[in-house]
Enquirer: 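This is the structure I want to talk about, given as structure tokens.
Computed over heavy atoms, backbone and side chain alike; hydrogens, waters and symmetry mates excluded.
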Amino acid sequence: MSLEILNLAFKKAEKEIGSNKKTHLAQHLSDVLQDDYNYTISERTLRDYYTKIHKREVGPQDDLKPKLIEPLCQYLGFANYAEFLKSTEEEKSVDDVVTTPIKKKPNKKWLVALLIFLCIGLAIIFLMPERKPDTKDSETIISANCMTWADSTYVKVSCDKGPYSKYGTKVIPYVESEFKNLKKIQVYLAYDFFNEKGEPLVWYFRNEDKVYEFFSYPGLHPVSGKTLKAVTPYIVQKHVPLHNNNVDSFVE
């Protein structure tokens with residue numbers, strides 16, 4: 001039963017950071033447990049637990065420690081483990097946590113159509129004349145394939161500038177979603193932190209100096225590599241200034 005709590009915590013973490021990568025989820029939970037509940041557990045340990053659950057390699061010896069169960073229950077919105085048990089069926093085993101999808105027999109007509117399309121695609125590839133990129137094309141590809149963090153946004157750089165750029169940050173492969181959307185932003189109480197459904201529009205990170213930094217997109221911190229956390233009403237109320245120097249930032 002205790003492992004079901006961890007599985008549900010990973011599902012909640014996936015919604016908060018917008019990523020389904022096991023390493024990112026485990027790091028996010030590790031950070032939350034440390035920052036919000038003062039419980040220290042490594043990303044690797046959480047990741048190993050999660051792997052065992054989904055491979056069905058767990059046994060009685062793998063039950064979570066009581067000291068870990070309590071903060072996980074609070075993270076899920078329960079006051080304690082007893083309250084969690086009341087909302088679930090006590091007979092539920094770890095095998096119920098992860099359900100195996102039923103394999104459907106493939107439709108023969110669909111397979112035939114797929115094979116035809118594959119044959120046509122291969123024929124087109126082999127019949128097309130090979131085009132060698134000229135020097136300008138090569139330079140464009142190199143330039144577009146890497147980026148680096150420049151104070152508050154990503155900028156494109158040539159991949160041969162690495163491993164570090166003139167900004168002192170790592171040169172990494174170009175990711176369009178992060179390049180266009182991930183920005184470090186200045187927030188204030190009048191800022192739109194949530195949409196109409198109550199979903200977060202801002203993510204944050206507490207740096208080594210315990211200063212809160214705010215970003216416009218989920219993912220990893222561009223310098224530290226740690227998972228950005230979705231902003232909550234508590235964080236807004238406690239760590240966001242009343243206004244900035246812009247006239248339109250003052251709360252009415």
Side-chain angles (χ1 to χ4, degrees), residues 9-19 21 23-41 43 70-79 147-157 164-172 175-252:
F10 267 89
K11 289 181 178 179
K12 180 178 179 180
E14 183 175 342
K15 293 179 180 179
E16 289 183 340
I17 67 174
S19 171
K21 292 185 178 180
T23 302
H24 294 176
L25 297 173
Q27 184 61 61
H28 175 66
L29 283 178
S30 176
D31 292 343
V32 168
L33 291 172
Q34 176 64 51
D35 294 346
D36 298 345
Y37 305 101
N38 199 29
Y39 185 88
T40 302
I41 185 171
E43 170 270 328
E70 289 303 316
L72 283 175
C73 286
Q74 294 172 23
Y75 172 64
L76 291 172
F78 300 98
M147 62 184 186
T148 191
W149 185 254
D151 185 45
S152 61
T153 187
Y154 277 114
V155 295
K156 289 183 180 180
V157 293
Y164 290 91
S165 69
K166 64 180 181 180
Y167 303 101
T169 51
K170 289 184 179 181
V171 174
I172 60 176
V175 180
E176 186 174 4
S177 59
E178 293 183 7
F179 180 82
K180 290 184 176 181
N181 301 310
L182 184 60
K183 314 289 181 185
K184 185 177 180 181
I185 55 179
Q186 297 295 325
V187 296
Y188 45 92
L189 284 184
Y191 199 91
D192 290 331
F193 290 95
F194 308 94
N195 62 19
E196 295 178 354
K197 296 180 179 179
E199 298 169 335
L201 300 174
V202 175
W203 288 259
Y204 73 94
F205 173 76
R206 187 177 70 173
N207 61 29
E208 294 179 354
D209 298 323
K210 296 185 179 180
V211 175
Y212 282 74
E213 302 173 357
F214 296 90
F215 296 84
S216 59
Y217 195 70
L220 302 181
H221 189 278
V223 178
S224 71
K226 291 188 176 181
T227 304
L228 298 177
K229 301 176 183 178
V231 74
T232 63
Y234 171 79
I235 292 296
V236 173
Q237 190 175 34
K238 188 173 182 180
H239 298 290
V240 174
L242 180 63
H243 60 79
N244 60 23
N245 293 327
N246 296 329
V247 176
D248 63 352
S249 74
F250 288 83
V251 178
E252 296 181 359

Enquirer: Find out whether Trp203 and Val231 are in side-chain contact, i.e. whether some heavy atom of one side chain is under 4.5 Å from a heavy atom of the other.
Expert: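 A side-chain contact under 4.5 Å is absent here.
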
Enquirer: Within the side chain of Ser165, is there an N or O that forms a donor-acceptor pair under 3.5 Å with the backbone of Thr148?
Expert: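 Checking the backbone N and O of Thr148 against the side chain of Ser165, no donor-acceptor pair under 3.5 Å is found.
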
Enquirer: Before we go on, tell me: are the rings of His221 and Phe215 under 6.0 Å apart, centre to centre?
Expert: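 Yes, close enough.
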
Enquirer: Looking at Lys183, I want to see if its NZ is surrounded by more than 12 non-hydrogen atoms of other residues, nucleotides or ligands under 6.0 Å.
Expert: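 More than 12 within 6.0 Å, yes.
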
Enquirer: I want to check something: taking the side chain as every heavy atom from C-beta on, are Glu16 and His28 in contact at a cut-off of under 4.5 Å?
Expert: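 Answer yes - side chains close enough.
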
Enquirer: With no hydrogens and no angle check, is any side-chain donor or acceptor of Trp149 less than 3.5 Å from a backbone partner on Asp151?
Expert: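 Indeed, once roles are kept as given, a pair shorter than 3.5 Å links the two residues.
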
Enquirer: Counting only heavy atoms not in Tyr164, do more than 12 sit closer than 6.0 Å to its OH atom?
Expert: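 At most 12 heavy atoms, drawn from other residues, nucleotides or ligands, come within 6.0 Å of this atom.
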
Enquirer: Using every non-hydrogen atom in the two residues, find where Tyr154 and Pro222 come nearest and quote the distance to one decimal.
Expert: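 So the minimum-distance heavy-atom pair works out to OH-CB, 3.4 Å.
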
Enquirer: Is it the case that more than 12 heavy atoms not belonging to Lys12 sit under 6.0 Å from its NZ atom?
Expert: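 Yes.
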
Enquirer: Is the side chain of Asp209 donor-acceptor paired with the backbone N or O of Val211 at a distance under 3.5 Å, no angle test?
Expert: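 Here the side-chain-to-backbone pair does not exist.
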
Enquirer: Does the ring centre of Tyr191 sit less than 6.0 Å away from the ring centre of Phe193?
Expert: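 Between Tyr191 and Phe193, which both carry aromatic rings, the centre distance is below 6.0 Å.
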
Enquirer: Is a side-chain N or O of Asp192 found less than 3.5 angstrom from the main chain of Phe194, in a donor-acceptor match?
Expert: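 Side chain of Asp192 to backbone of Phe194, a donor-acceptor pair under 3.5 Å: no, none is there.
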
Enquirer: According to the interplanar angle, ranging from 0 to 90°, do the rings of Phe214 and Tyr204 count as parallel (below 30°), tilted (30 to 60°) or perpendicular (above 60°)?
Expert: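 Judged by the thresholds at 30° and 60°, the geometry between Phe214 and Tyr204 is tilted.
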
Enquirer: If I compare all heavy atoms of Ala9 with all of Leu72, which pair ends up nearest, and what's the gap?
Expert: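 Answer, listing the atom of Ala9 first, then Leu72: CB-CD2, 3.9 Å.
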
Enquirer: Looking at every heavy atom in both Val175 and Met147, which two are closest together, and how far apart are they?
Expert: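 Nearest pair, atom of Val175 first, then Met147: N-CE, 3.6 Å.
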
Enquirer: For atom CD of Glu199, is the number of surrounding heavy atoms from other residues, nucleotides or ligands below 6.0 Å larger than 12?
Expert: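 Above 12, so yes.
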
Enquirer: Backbone N or O of His24 within a donor-acceptor pair of the Thr227 side chain at under 3.5 Å?
Expert: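 Checking the backbone N and O of His24 against the side chain of Thr227, a donor-acceptor pair under 3.5 Å is found.
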
